[in-house]
A.B. asks: 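Let me begin by handing over the structure; questions about it come next.
Note that these values count all heavy atoms, side chains included, but never hydrogens, waters or copies made by symmetry.
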There are 2 protein chains.
Amino acid sequence: MRVTIKDVSRVAGVSIKTVSRVMNKEKYVRDETRRRVEAAVAQLNFSPSLAARTLAGSRSFQIALIYDNHSPYYIHAIQEGVWARCRAEGVRMLAQPVDIASENLAQEIGGLIDETHVDGVILSSPVTDAPEALAELERRGIRFVRISPGTNHAITSSVFMDDAQAADDMTMHLINEGHRRIGFILGHPNHMASDQRHYGYRRALDRAGIDYEPDLVRPGLFDFASGMAAAEELLKRRAKPTAIFASNDDMAAGVLSYAHRMGLDVPQDLSVAGFDDTDLAQLVWPPLTTIRQPTRDLAYAATGLLFGQDEGAIHQRLPHELMVRASTTRVRP
Amino acid sequence: MRVTIKDVSRVAGVSIKTVSRVMNKEKYVRDETRRRVEAAVAQLNFSPSLAARTLAGSRSFQIALIYDNHSPYYIHAIQEGVWARCRAEGVRMLAQPVDIASENLAQEIGGLIDETHVDGVILSSPVTDAPEALAELERRGIRFVRISPGTNHAITSSVFMDDAQAADDMTMHLINEGHRRIGFILGHPNHMASDQRHYGYRRALDRAGIDYEPDLVRPGLFDFASGMAAAEELLKRRAKPTAIFASNDDMAAGVLSYAHRMGLDVPQDLSVAGFDDTDLAQLVWPPLTTIRQPTRDLAYAATGLLFGQDEGAIHQRLPHELMVRASTTRVRP
DNA sequence: CTCTTTTGTGACAAGGCTGTCAGAAGAGGA
DNA sequence: TCCTCTTCTGACAGCCTTGTCACAAAAGAG
């Protein structure tokens, strides 16, 4: 029924081991032998059993992507990036959602590794900063790369963007458009990026000589509802902000929604800016001025680092981009 | 380094095979023996090697979810549903995006199955209706369940909602709100659901004695851009529709966007309805009247059927729900 | 009390592949 | 020509678990 390496070896007229050599692109195989084997593989449509390879060898041809992120757009982009790189490498991707707050996070990750023998792990924010997860991975000596970690880590590679600089850029853009009272909605406290973005906002204000008003900064949870709630608080003030900068697009969409409900015209009465440039940014009205975070590219690059031969930890920064769209404008004189 | 079944057997003072029996919940194990083994498993934190189980046994404890859908919200919900059921069953989920239009779709699916030995497959629309995919799965005699297939299939189980009835419901709702000229935006021609929704729209018009005007029906591709383009065409007519019913939320968002751009007030000047009730429906302004498609539940149920013992094909329909929100209203007198 | 059936346990092979090692064949040097 | 070194190939064991079978002990039947 199943086509095994044995069948291939018989058709090609070589030993099992030689077929194995060809499949693994090892050297010491004569060109002609290689061609014969390849022909037999094609003819029989042979796909080696991952289970057997895993058991016998030292690789499993699988990696795991571990995430706990509730933004479908974000994880979709991440999955796509990792997947694309895996595909190129002939490796399978195991997508593994986890609950970062769970008691047995470490145990779950440990179990995953024991069961599947994955060759490596990609950690997506905010799992990147769950100490139990990091400790467990290190304890097992497994190779892993982090996407957009919030903390530094000498041992393992990571890819990221400069959240602080991006928030700084956006804030500066708003200031250049004449805004002085700029509301800011914080991200989820679990995500280290939240701090960075907050910091960038503050730094830009400082540089422009604008006082930082704690009252203009409201908490948020990276979701639509919290964006709406924050907008409500901000717009209830006597001195309304002329612009609101939300730490991600979902919250910015919440701001838009609330503004519309209040009969405010965006951007004439209020400029709204987001962060991430998820698809959502262009699915709302007006389309959001936001920061394009190269999510898919980050995932792709991270996976590349995982497969890389290099021993040391590499920390790779990818560029962001300010996307100016219709949700922000010059403040009215 | 690695904890194996052998270590457990030593600690528990039983044979390897007995540990295996306990792990697989087989009968013919004395209660006390079982407890001893379980204690040893817990103590050593033993997780059996999937690779070895796969190779030795007849199950792989893995299933594959195959999809080719570009709506992040949709596939996110599907993944979540499948994942939840798998978790309950102690089975791993392999998420496998494919290109339904690819030359070697069958080969890719075949390779996946050969490599991973998955115990079953979940097919999500529109892969559910790719003949090569179905043929390949059948050729291999592998068990699979389809989520929202467009075609009937006697052999394998499926879960679905009644797209025609749902579209009928929505159209009827609009008619009841006084609308007579109702524009309709078709879905992607590859998705069988598109036809069903179109049919339901037409059936409701019929029943209400309203003429079906082909001119009010525009093609679409289930994405934002095509929704916007269709809206443009529809709103250029002399006799503008008073309502537009898009076959999914993304396109409805496109309609909203275009309407806003034209300075139309939704819903006063134009009612807009969507389909699916993805998160997006509430992230736009005004929030969309739409059909709640129980995507996650469909996926959960489908996976349940896959694990079920039943031999015959089961076709399970899950209920939809009309979600009336602010994007539609009574037509102005 | 013996004979059959059920229950509980273990020895051993097998599953499909890779790692190790040994050895053959060919290339290069003296 | 003989010997060494490199290139190429195959035999065989082993990875960790489950399936099969054999057998011992306990339970039920007559």
Side-chain angles (χ1 to χ4, degrees), chain A residues 1-38 40-41 44-62 90-92 111 113-119, chain B residues 1-38 40-41 44-62 90-92 111 113-119:
Chain A
M1 196 64 218
R2 155 172 270 280
V3 178
T4 72
I5 213 175
K6 201 168 173 182
D7 302 316
V8 178
S9 72
R10 204 176 300 125
V11 170
V14 297
S15 75
I16 290 182
K17 179 63 202 180
T18 297
V19 177
S20 170
R21 287 206 180 81
V22 173
M23 297 301 294
N24 291 293
K25 303 194 199 312
E26 290 174 22
K27 53 181 194 172
Y28 299 146
V29 179
R30 219 190 319 157
D31 270 5
E32 194 227 315
T33 313
R34 167 160 288 144
R35 269 192 298 274
R36 274 222 314 284
V37 171
E38 276 163 354
V41 166
L44 297 177
N45 208 332
F46 169 67
S47 302
S49 158
L50 260 191
R53 300 180 95 178
T54 302
L55 200 55
S58 51
R59 300 183 54 192
S60 73
F61 302 90
Q62 291 195 314
V91 161
R92 302 253 165 225
I113 294 171
D114 280 347
E115 276 188 24
T116 64
H117 307 247
V118 283
D119 297 328
Chain B
M1 195 63 220
R2 155 173 269 281
V3 179
T4 73
I5 215 175
K6 200 167 173 182
D7 302 315
V8 177
S9 71
R10 204 174 301 125
V11 170
V14 297
S15 76
I16 290 181
K17 179 64 202 182
T18 296
V19 177
S20 169
R21 287 204 181 82
V22 173
M23 297 302 293
N24 291 292
K25 302 194 199 313
E26 291 174 22
K27 52 180 194 172
Y28 299 145
V29 178
R30 219 191 319 158
D31 270 4
E32 195 229 313
T33 312
R34 179 173 310 257
R35 269 193 298 275
R36 274 222 314 285
V37 171
E38 276 163 355
V41 166
L44 297 177
N45 209 332
F46 169 67
S47 302
S49 156
L50 260 190
R53 301 181 94 178
T54 302
L55 199 55
S58 51
R59 300 184 55 192
S60 74
F61 302 90
Q62 291 194 312
V91 160
R92 302 253 164 224
I113 294 172
D114 280 348
E115 276 188 24
T116 64
H117 308 247
V118 282
D119 296 327

A.B. asks: What is the distance from CG of A:L55 to C1' of C:dA14, rounded to the nearest Å?
C.D. replies: 12 Å
A.B. asks: Please report, rounded to the nearest Å, how far the P atom of D:dC12 is from the NZ atom of A:K6.
C.D. replies: 13 Å
A.B. asks: In chain order, what residues pass the side chain to side chain donor-acceptor pair (under 3.5 Å) check against B:S49, with sequence neighbours excluded?
C.D. replies: A:H117
A.B. asks: Any side-chain heavy-atom pair from A:F46 and A:M23 closer than 4.5 angstrom?
C.D. replies: yes
A.B. asks: Of all of residues 26-35 of chain A, which get a heavy atom below 4.0 angstrom from DNA chain D, listed by number?
C.D. replies: A:Y28, A:V29, A:R30, A:T33
A.B. asks: Closest nucleotide of DNA chain C for A:R2 versus for A:S58: which of these residues is on the 5' side?
C.D. replies: A:R2
A.B. asks: The test is side chain to side chain contact (heavy atoms under 4.5 Å, CB included); show your working for A:S20 and A:I5 and say whether it passes.
C.D. replies: CA-CA 8 Å; A:S20 170; A:I5 213 175; 4.0 Å; yes
A.B. asks: Treating B:R92 as the side-chain partner and B:Q62 as the backbone partner, does any N or O pair qualify as donor plus acceptor under 3.5 Å?
C.D. replies: no
A.B. asks: Can you tell me the distance, in whole Å, between the CZ atom of B:F61 and the P atom of D:dT17?
C.D. replies: 12 Å
A.B. asks: Tell me the interatomic distance from B:R59, atom CZ, to D:dG19, atom C1', rounded to whole angstroms.
C.D. replies: 15 Å
A.B. asks: Would you classify B:F46 as touching base, sugar-phosphate or nothing, given that sugar-phosphate means primed atoms plus P, OP1 and OP2, and contacts are heavy atoms under 4.0 Å?
C.D. replies: sugar-phosphate
A.B. asks: B:L50 CG to C:dC17 P: how many Å, rounded?
C.D. replies: 18 Å
A.B. asks: Near DNA chain C, under 4.0 Å by heavy atom, which residues of residues 14-23 of chain B?
C.D. replies: B:V14, B:S15, B:K17, B:T18, B:R21
A.B. asks: Please check if the side chain of B:R21 supplies one atom and the backbone of B:E26 the other of a donor-acceptor pair under 3.5 Å.
C.D. replies: no
A.B. asks: When you measure from the side chain of B:T54 to the backbone N and O of B:L50, does any donor-acceptor pair fall under 3.5 Å?
C.D. replies: yes
A.B. asks: Ignoring hydrogens and angles, tell me if any N or O in the side chain of B:D114 forms a donor-acceptor pair with the backbone of B:G111 under 3.5 Å.
C.D. replies: no
A.B. asks: When rounded to the nearest 0.5 angstrom, what is the spacing between NZ in A:K27 and CZ in A:R34?
C.D. replies: 11.5 Å
A.B. asks: Restricting to non-hydrogen atoms, name the atom on A:R53 and the atom on A:N24 that form the minimum distance, rounded to 0.1 Å.
C.D. replies: NH2-OD1, 2.9 Å
A.B. asks: Grab the CZ-P distance between A:R10 and C:dC17 for me, whole Å please.
C.D. replies: 12 Å
A.B. asks: In whole angstrom, give the distance that lies between atom NE2 of A:H117 and atom C1' of C:dT18.
C.D. replies: 14 Å
